Amino acid sequence: MAVQRIEVLGVPVDVCPIEDLESEVLELLAKPGTKQIIFLSIWNLLKARGHNDYAECLKNADLIIPVSKSILRAAKFLRLPVPARYNPFYAMINLFSILEMHYKSLYLFGGYKKQLQVAEKNVRSTFPKLQIVGRYVGKYPAEVEKDVISAIFKASPSLVLLSGGIREKDVWSYRRRNRFSSSIFLYYKDAIGILSKRVKRVNDKTFDKGLEIIPEILHNPFKLFLAFPYLWFTILLVWARLRQKK
């Protein structure tokens, strides 16, 4: 089944069944140039409705997979094909498995030095046939960026996994897309933290219920104010549905 791209409130979202992820990734690997996979949350969907680099980044991404249950509900409410929702952690592990099975390579980019070392060690032990061709910490000094980009270009990894400490997040690789050869880029903030076991991933039951925001609120009560953009999201959906009827 070919991946189908829909638009939720004007923002692109891909309908990619989980069982089709491997074939899609292999197709991306076969394409020349820089490619990008994006984990799309409801908050980033709202951000992408503006005229900014992130919106352009999404429009040019090769695969946009939703991680928020609200995006699926929105697609259903707007009578669009409902995409599969991915748990970012399992999607990352699935990607590692696909790369390992096909003797591909990985570059780890982000996190603190000790975190990164432990994460690399854990990935090597779990996926022994997956080649890790390089790593670099997040929050790097501006003067070393040229060397980081050069290292990634020379290593030409199948996948560059960006994580915590990369301030520009998904947009980092988009803004520099013409400076790489043929890698897939994926930003997942907690990747290095989880792989190094310094960050606890969201409980599966909590994620399946779409309540992954609760642990974040407990950690940072100011995130309660996300209720306001969520209300705006709901209003936009109702308005879009009314326009459909007209």
Side-chain angles (χ1 to χ4, degrees), residues 25 34 36-41 43-44 54 57 65 67 86-100 104-176 179-180 183-204 206-207 212-223:
V25 169
T34 301
Q36 189 168 15
I37 297 174
I38 292 180
F39 291 148
L40 185 68
S41 69
W43 317 116
N44 284 339
Y54 183 69
C57 173
I65 48 184
V67 297
Y86 285 68
N87 182 316
F89 171 74
Y90 290 117
M92 176 182 68
I93 296 302
N94 200 354
L95 283 171
F96 288 173
S97 297
I98 293 167
L99 295 175
E100 184 185 38
K104 301 299 181 180
S105 57
L106 172 69
Y107 191 103
L108 299 171
F109 185 22
Y112 296 103
K113 185 176 180 180
K114 288 185 178 179
Q115 278 187 337
L116 192 55
Q117 290 173 338
V118 175
E120 180 182 4
K121 181 181 177 181
N122 289 339
V123 173
R124 286 187 187 279
S125 64
T126 307
F127 303 94
K129 294 179 182 178
L130 175 58
Q131 303 174 59
I132 299 181
V133 294
R135 56 179 163 84
Y136 206 86
V137 296
K139 294 186 178 178
Y140 56 87
E143 58 268 21
V144 306
E145 180 172 291
K146 185 178 178 181
D147 295 331
V148 175
I149 291 173
S150 178
I152 295 174
F153 176 82
K154 290 176 181 177
S156 191
S158 306
L159 175 68
V160 180
L161 179 65
L162 296 89
S163 188
I166 308 301
R167 292 180 182 176
E168 296 170 74
K169 303 177 181 178
D170 290 291
V171 179
W172 189 92
S173 53
Y174 172 70
R175 287 174 176 160
R176 297 158 182 81
R179 301 174 69 180
F180 301 107
S183 300
I184 298 173
F185 287 79
L186 170 67
Y187 174 78
Y188 175 23
K189 179 185 174 183
D190 294 329
I192 299 300
I194 291 173
L195 291 171
S196 64
K197 298 183 179 178
R198 300 290 180 90
V199 173
K200 188 177 181 181
R201 64 184 180 87
V202 177
N203 178 276
D204 290 348
T206 300
F207 183 84
E212 62 273 17
I213 190 64
I214 301 300
E216 292 187 37
I217 291 173
L218 293 175
H219 180 72
N220 181 5
F222 283 104
K223 290 204 171 184

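Fair warning: this is a prediction, and the values are worked out from it, not measured in the lab.
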Legend entry - side chain to side chain donor-acceptor pair (under 3.5 Å) against R176, all qualifying residues, sequence neighbours excluded: E145, E168

Legend entry - Shortest non-hydrogen separation from K129 to E100 and the atoms involved: N-OE2, 3.0 Å

Legend entry - Gap separating the OG atom of S183 from the CG atom of L161, nearest 0.5 angstrom: 12.5 Å

Legend entry - Shortest non-hydrogen separation from D170 to C57 and the atoms involved: O-SG, 3.8 Å

Legend entry - Interatomic distance, D190 atom CG to R201 atom CZ [nearest 0.5 angstrom]: 12.0 Å

Inset, instruction - Heavy atoms only: give me the nearest S163-A191 pair and the separation to one decimal. - result: OG-N, 3.4 Å

Inset, instruction - Decide yes or no for Y54 and I38: does some side-chain heavy atom of the first lie under 4.5 Å from some side-chain heavy atom of the second? - result: yes

Inset, instruction - Can you measure from CD1 (I132) to OG (S105) and round to the nearest 0.5 angstrom? - result: 10.0 Å

Inset, instruction - Apply side chain to side chain contact (heavy atoms under 4.5 Å, CB included) to the pair F89 and D204, showing each step before the final yes or no. - result: CA-CA 10 Å; F89 171 74; D204 290 348; 6.0 Å; no

Inset, instruction - Test side chain to side chain contact (heavy atoms under 4.5 Å, CB included) on F39 and N44 and set out the steps. - result: CA-CA 9 Å; F39 291 148; N44 284 339; over 6 Å; no

Legend entry - L159 side, atom CG; L99 side, atom CG - distance, nearest 0.5 Å: 5.5 Å

Legend entry - Results of ring pair (Phe, Tyr, Trp, His ring centres under 6.0 Å) for Y107 - residues two or more places apart only: none

Sequence neighbours excluded and cut-off under 3.5 Å, please list the side-chain donor-acceptor pairs for residues 147-154, or say none.
none

Legend entry - Value rounded to 0.5 Å, distance of OG in S158 from CG in L95: 11.0 Å

Legend entry - Minimum heavy-atom distance W172-L162, with the two atoms named: CE3-CD2, 3.7 Å

Legend entry - By side chain to side chain contact (heavy atoms under 4.5 Å, CB included) - contacts of P221 (at least two apart): none

Legend entry - Y174 and Y187 aromatic centres sub-6.0 Å: no

Legend entry - Distance-minimising heavy-atom pair for V133 and P157: CG2-CB, 3.7 Å

Legend entry - CD1 on I65 to CG on N87, rounded to 0.5 Å: 10.5 Å

Legend entry - Non-neighbouring partners of N122 that pass side chain to side chain donor-acceptor pair (under 3.5 Å), sequence neighbours left out: none

Legend entry - Residues in salt bridge (Lys or Arg N to Asp or Glu O under 4.0 Å) contact with K113, at least two apart in sequence or another chain: none

Legend entry - Results of side chain to side chain contact (heavy atoms under 4.5 Å, CB included) for K121 - residues two or more places apart only: none

Legend entry - side chain to side chain contact (heavy atoms under 4.5 Å, CB included) partners of T34, counting only residues at least two apart: R177, F180, F185

Legend entry - Which residues share a ring pair (Phe, Tyr, Trp, His ring centres under 6.0 Å) with Y112, sequence neighbours left out: none

Legend entry - Residues in side chain to side chain contact (heavy atoms under 4.5 Å, CB included) contact with S156, at least two apart in sequence or another chain: S181, S182

Legend entry - Smallest separation among heavy atoms of S196 and G193, with atom names: OG-O, 3.1 Å

Legend entry - Partner residues of E212 under the salt bridge (Lys or Arg N to Asp or Glu O under 4.0 Å) criterion, sequence neighbours left out: R85

Inset, instruction - Sequence neighbours left out, what passes ring pair (Phe, Tyr, Trp, His ring centres under 6.0 Å) with F96? Give chain and number order. - result: F127

